Every structure is written in C-alpha cells, then in structure tokens.
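Keep in mind the model is a prediction, meaning the values are calculated, not measured. We use all heavy atoms of the structure for the numbers below, so side chains are in, but hydrogens, waters and symmetry mates are not.
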Amino acid sequence: MIVAGLGLRSLCDAQALIALVLAAQERCGRRAELVAVPAFRYREAGVQDAARQLGLHLRAVTPDELLAVQPRCVTHSARAQAALGVASVAEGCALAAAGPHARLIVPRLTGSGATCAMAQGEDA
C-alpha cells in the first residue's frame, strides 16, 4: 500500500493539500491509495474535501501510532515537536498507516500550510 501522510495547520485549504499529494506522487512515480492525517485533523473540511477530490480513502492516525513511528522519520520539525510532541507529522502519518514494515518513498514536502510525505508498505 502507498500512503500519503499529511501534516497541516488548522483550516488548511483542500487545494493546497491536493497540490502536495500530487507533487509527492509525481516525485516517486506512484499513486497513493490512502491519505493519512493526525486524528485531531480528520474532521477538517479541507482534509475531507481533498480526500474526496483525490478519490482516496482517509485514515486518522492516533497520537500513540504517530509517536511509535518517530524513530523511523527522517525529517524533524522543531515547531511540530514543541506543539505536538512529535518531530514529523506527515512522515509519521504515512509510516503509521502503511504498516509496521513501511518505508518512506518521499520524505516531507512542504507547501502552503501543510506538509506531505509518502510511505510504501511491504505489500506494495
């Protein structure tokens, strides 16, 4: 499974999220099968709209799941660490949702109010 993980500020626009996912897909030459976001952002309108427009299922990543994969993340944000207690939200969401043996195929990309990373599960 290929997962696009997103980190985003509150009220992030769907078009910004879509642009990041498309850029990540282009970078690795693969299409995401799922979008993963932190559980506290799951219900945001921009997130829901972006997933719908992309034609992808959306998965909420719990704080415990996000924390568990941090050692496998390659980029670190001091801002995310201070605010959420994790250093990489997008990479963490992608890795957590792609499974225990997932690997990053696109490290964190930054955009307007959001970040995106992509991970590949062992079944992909």
To the nearest 0.5 Å, tell me how far [X] [atom1] sits from [Y] [atom2].
X    : Y    : atom1 : atom2 : result
C73  : L104 : SG    : CG    : 6.5 Å
L66  : F40  : CG    : CZ    : 8.0 Å
L6   : C12  : CG    : SG    : 8.5 Å
D49  : I18  : CG    : CD1   : 6.0 Å
R108 : T115 : CZ    : OG1   : 6.5 Å
Q15  : L20  : CD    : CG    : 11.5 Å

Considering all heavy atoms of both residues, which atom of [X] and which atom of [Y] are nearest to each other, and what is their separation?
X   : Y    : value
A14 : Q53  : CB-NE2, 4.5 Å
A94 : A117 : CB-O, 3.7 Å
S77 : A80  : OG-N, 3.0 Å

Next item on the list: Let me see the working for L34 and M1 under side-chain contact (heavy atoms from CB on, under 4.5 Å), right down to the final yes or no.
Entry: CA-CA 8 Å; L34 178 76; M1 173 177 290; 3.9 Å; yes
[X] side chain vs [Y] backbone, donor-acceptor pair below 3.5 Å:
X   : Y   : result
E44 : L11 : yes
R41 : L8  : yes
Q48 : A45 : no
Q70 : A87 : yes
R31 : I2  : no

Note to self: Using side-chain heavy atoms (C-beta onward) and a distance below 4.5 Å, is L58 in contact with Y42?
What the structure shows: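 Sidechains of Y42 and L58: in contact.
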Item checked: Side-chain H-bond candidate by donor/acceptor type, R30 with Q120, under 3.5 Å ->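 A pair is found: one side chain offers a donor N or O, the other an acceptor, under 3.5 Å apart.
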Margin query: For E91 and T75, which I'm curious about, is there any donor-acceptor pair between the side chains at under 3.5 Å?
Written below: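 Yes, a side-chain donor-acceptor pair sits under 3.5 Å.
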Next item on the list: Scan V86, V69, V61 and name whichever one has a side chain to side chain contact (heavy atoms under 4.5 Å, CB included) with C93.
Entry: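 Answer to the side chain to side chain contact (heavy atoms under 4.5 Å, CB included) test with C93 among V86, V69, V61: V61.
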Check: For the hydrophobic clusters of this structure (ILVMFWY residues joined by side-chain heavy atoms under 4.5 Å, transitively), does one cluster hold both L95 and V89?
Finding: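 Different clusters.
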Item checked: Which residues share a side chain to side chain contact (heavy atoms under 4.5 Å, CB included) with A24, sequence neighbours left out ->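 Side chain to side chain contact (heavy atoms under 4.5 Å, CB included) list for A24, sorted by chain: V106, L109, C116, M118.
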Checklist line | Those residues that, when tested against A19, pass side chain to side chain contact (heavy atoms under 4.5 Å, CB included) (two or more places apart) | finding: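 Side chain to side chain contact (heavy atoms under 4.5 Å, CB included) check on A19 returns nothing, list empty.
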Item checked: Verdict with supporting geometry, V35 and V3, side-chain contact (heavy atoms from CB on, under 4.5 Å) -> CA-CA 6 Å; V35 174; V3 178; over 6 Å; no
Check: Step by step, would you call L22 with L54 a side-chain contact (heavy atoms from CB on, under 4.5 Å)?
Finding: CA-CA 9 Å; L22 293 176; L54 289 164; 4.1 Å; yes
